[in-house]
Amino acid sequence: MGTALIYDEEMTKYKLLWVDPACKIEVPERLTVSHGALVRNGLTDRCICLPVREAVDAEILLVHSEEYLEAVKQTPHMTLEDLKEFTLQYGDVYFHPNIYHCAKLAVGSALQLVDSVLMGKVKNGMALVRPPGHHSMRSAANGFCVFNNVAIAAQYAKQKYGVKRILIVDWDIHHGQGVQYCFEDDPSVLYFSWHRYEHQKFWPNLKDSDYDIVGKGEGAGFNINVPWNKVGMENSDYLSVFCHVLLPIAYEFCPDLVLVCAGFDSAIGDLEGEMCATPDIFAHLTYLLMNLAEGKLCAVLEGGYNLTSLAQSVCQTVQTLLGDPLPPLTNLTGPCRSTLESLQCVRAAHRQHWSCLRHAVDLPTFEISTIRIKSSGEENKDEAEVWEEQKSPEEKIWPEPPKRVSPRVCSAVVLPDGVVCPDACERLSSSEDLGPHLLTLKKDFLKDADDSAVTALSRVFSLIDKMKNNEIRNGLALVGDAAMTMTCVVQHVAAEVDSRVFLVCVGNGNIPGHIIEDGKTLVVQISGEDTEEQGSKYYVPVCLKKGCTDTSGFAQAMFSLLLPLGYQHNPSLVLLVRMPGSGVCDIMWQQLTALLQSFAQGHTLVLLQEDDKACVGPTASILLGNPAPPLGQLPASLKEDAEAVERLRSRLQADWNLLLATAPENG
Ligand SMILES: NCCCNCCCCCC(O)(O)C(F)(F)F
Ligand SMILES: [Zn+2]
């Protein structure tokens with residue numbers, strides 16, 4: 001199944017007709033440059049382009065009041081003066097004779113996208129729309145928004161398809177208060193938003209946007225606000241919020257559909273957001289959401305005002321939806337202090353609502369956001385602050401996101417004769433010669449191994465060589481001795497200068513010390529064996545009381561340990577080994593295999609032990625880019641497991657600061 005793209009140039013046919021500094025950034029070119037970039041990068045040809053349609057009244061009334069809809073209906077016939085008059089009743093928004101038509105198309109585009117995903121015609125998609133939607137409320141336009149495209153899409157999905165749980169992720173730099181108000185008492189819609197807040201000093205200046213607003217009544221816990229109290233946030237900040245807040249809760253919630261308020265004013269270069277995250281971060285944010293709801297993800301454009309970073313971010317998002325390998329994220333320096341304070345506060349506010357947070361170390365709730373803004377007048381600001389505001393933020397520059405090339409072959413496999421090669425995988429031909437390096441290895445490691453083991457190892461090595469040359473994206477090998485093969489592979493790869501291996505070992509089995517000491521190989525071992533005391537900076541033994549059968553403990557280790565470590569290690573190869581008798585369930589194994597494709601541009605080598613040949617099919621399915629099945633709503637993990645993971649994180653976070661989720665006590 002493909003990726004839908006919905007766009008129509010009709011939605012460029014309205015603009016600001018008078019002087020209004022607050023609205024002048026919302027221009028038609030936002031859509032034309034975004035779509036133009038997709039065309040130029042050959043991405044529109046790879047998508048399924050769906051036609052737009054106008055939303056009908058009944059669909060708009062899923063969220064908005066009749067009186068508001070009636071009022072907006074009058075705008076096409078208004079004179080310029082009437083339009084100005086009409087606009088005055090709302091904030092930071094403008095009307096135009098054609099905006100009602102475009103607003104219906106924007107809603108209709110979102111609904112077309114939901115239809116095509118939920119009817120199984122496409123696997124995911126993006127709608128490039130204007131006017132945006134997430135600020136508009138039941139009876140009010142606001143913040144360039146007329147109808148709440150994504151909120152209507154959520155209600156529509158519930159009503160028409162009986163969707164039980166919907167996750168809305170709003171990565172626009174502004175708080176989508178319209179979405180929050182629409183679902184604040186609704187436990188079937190989990191709304192997550194991060195937004196520039198600066199202790200309520202930033203638009204829309206609402207106390208309702210703070211971290212302690214968690215939803216009401218039945219909806220308590222289903223509204224997550226992550227305030228950015230400083231500008232200049234980077235990729236590390238965004239990733240740490242995904243790893244330590246959004247993903248654990250989202251997996252516990254287990255949505256049937258994911259909607260994204262895809263605003264790109266949170267990217268570098270945008271004068272509204274003033275953040276420093278680069279466009280390629282959206283490739284990762286999109287990917288991290290694609291293993292929820294079996295990949296049913298609908299992204300709808302919201303904001304984004306720097307036409308260069310907007311176009312690049314849109315392309316990064318669509319390329320990920322199409323299944324292209326993710327770009328490497330370099331120099332992740334870890335979250336800043338302000339982010340840690342926000343993380344700490346949000347996790348504290350939601351602890352009582354989500355079991356994944358229940359055992360988090362005791363979290364004092366910072367009073368950071370109770371620093372109320374002094375009375376809004378200038379008189380309280382010292383001249384430095386006033387000057388600061390008047391100084392225009394300097395022109396940001398950033399590198400063009402790297403090209404993301406899909407190798408000719410996605411998945412290559414090495415299987416013993418008699419084991420069927422899964423569809424769409426390429427079996428490595430047995431003609432591969434025994435590389436020279438092997439003969440030395442044979443002496444060192446394989447002296448007593450039989451020829452079939454040596455042959456299998458030579459083929460595994462050629463899988464690695466093909467990944468290095470980007471001839472294949474990933475590989476899977478069914479071998480006689482997974483542990484021995486693992487050791488040889490690490491040895492082989494570590495011998496190369498700029499190689500770094502991320503070894504994830506599921507199940508019991510000892511990891512030879514010598515493969516860890518050079519700092520090029522980071523090992524995370526998830527098992528039921530208590531090997532904690534042997535931990536080091538590069539060897540992270542996660543031991544789960546009930547072993548790998550415990551999905552909650554396993555999932556928690558995945559998000560709060562494995563993801564941050566993997567991002568910070570930034571490997572050139574991911575080696576995923578399933579030890580015999582690990583007890584890990586297939587779905588968890590598939591989720592892990594999927595998640596690890598965030599690293600090394602998808603160059604994952606999976607090693608399975610021969611008697612695990614039943615895992616070949618399910619593993620290959622994920623390596624081929626199919627979404628992992630849902631884990632189901634996750635119960636609380638065992639207290640001692642959660643505490644064990646927390647102890648590991650606190651031991652490791654000095655070396656790996658993406659693990660941090662609380663602000664250090666000292667000043
Ligand atoms: N310096 C100009 C002040 C502008 N204040 C209003 C900002 C509205 C943001 C709208 C948006 O980006 O959130 C949307 F996604 F809805 F388009
Ligand atoms: Zn915005």
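Start at 1 and go down the list; that is how both ligands and their atoms are numbered. Computation of the quantities below employed the complete heavy-atom set of this structure, encompassing side-chain atoms and omitting hydrogens, waters and symmetry-equivalent molecules.
Of all the atoms in ligand 1, the ones that sit under 4.0 Å from a non-hydrogen atom of His134 are 11 (C), 13 (O), 14 (C), 15 (F), 16 (F). Atoms of ligand 1 found under 4.0 Å from any heavy atom of Tyr305 (numbered from 1 in listed order, with element): 9 (C), 10 (C), 11 (C), 12 (O), 14 (C), 17 (F). Below 4.0 Å from some heavy atom of Gly143 lie the following atoms of ligand 1, by number and element: 8 (C), 10 (C), 16 (F). Every atom of ligand 1 is numbered from 1 in the order shown, and the set under 4.0 Å from a heavy atom of Asp265 is 12 (O). Set against the non-hydrogen atoms of Cys145, the atoms of ligand 1 under 4.0 Å away are 16 (F). Those atoms of ligand 1 with a heavy atom of Gly303 less than 4.0 angstrom away are 12 (O), 14 (C), 15 (F), 17 (F).
Checking His101, His64, His134 one by one against Phe147, the ring-ring contact (aromatic ring centres under 6.0 Å, His included) holds for a single residue, His64.
Of the candidates Arg30, His175, Glu26, His135, the one placing a heavy atom closest to atom 16 (F) of ligand 1 is His135.
Aromatic ring centres of Phe144 and His135 lie farther apart than the 6.0 Å criterion allows. Taking the six-membered ring for Trp, Phe282 and Phe264 have ring centres closer than 6.0 Å. Taking the six-membered ring for Trp and the full ring otherwise, the centers of Trp171 and Phe242 sit at least 6.0 Å from each other. Not less than 6.0 angstrom separates the ring centroid of Phe222 from the ring centroid of His353. Checked against the 6.0 Å centroid threshold, Phe559 and Tyr251 count as a close aromatic pair. Proximity of the aromatic rings of Trp194 and Tyr211 is defined here by a centroid distance below 6.0 angstrom, and this criterion is not met.
Residue, atom and distance of the protein heavy atom nearest to atom 4 (C) of ligand 1 are Ala22 O, 3.5 Å. Scanning the protein for heavy atoms near atom 5 (N) of ligand 1, the closest one is Asp92 OD2, 3.2 Å. At the top of the distance list for atom 3 (C) of ligand 1, counting protein heavy atoms only, stands Glu272 OE2, 3.6 Å.
Residue His174 approaches the Zn ion (ligand 2) most closely through its N/O/S atom ND1.
An N or O contact shorter than 3.5 Å links Asp172 to ligand 1 by distance.
Within the coordination shell of the Zn ion (ligand 2), defined by N, O or S atoms under 2.8 Å, Asp265 is present. Residue side and main chain included, Asp172 places an N/O/S atom under 2.8 Å of the Zn ion (ligand 2).
Salt bridge annotation for Lys73-Asp57: present, with a cationic side-chain nitrogen under 4.0 angstrom from a carboxylate oxygen. Salt-bridge formation is detected for the pair Glu274/Arg196: a Lys NZ or Arg NE/NH1/NH2 atom is positioned less than 4.0 Å from an Asp or Glu carboxylate oxygen.
Cation-pi geometry between Arg138 and Tyr181 is not met: the NZ or CZ atom fails to fall both under 6.0 Å from the ring centre and inside 45° of the normal.
Contacts between Leu271 and ligand 1, counted as non-hydrogen atom pairs separated by less than 4.0 Å, are absent for every part of the residue.
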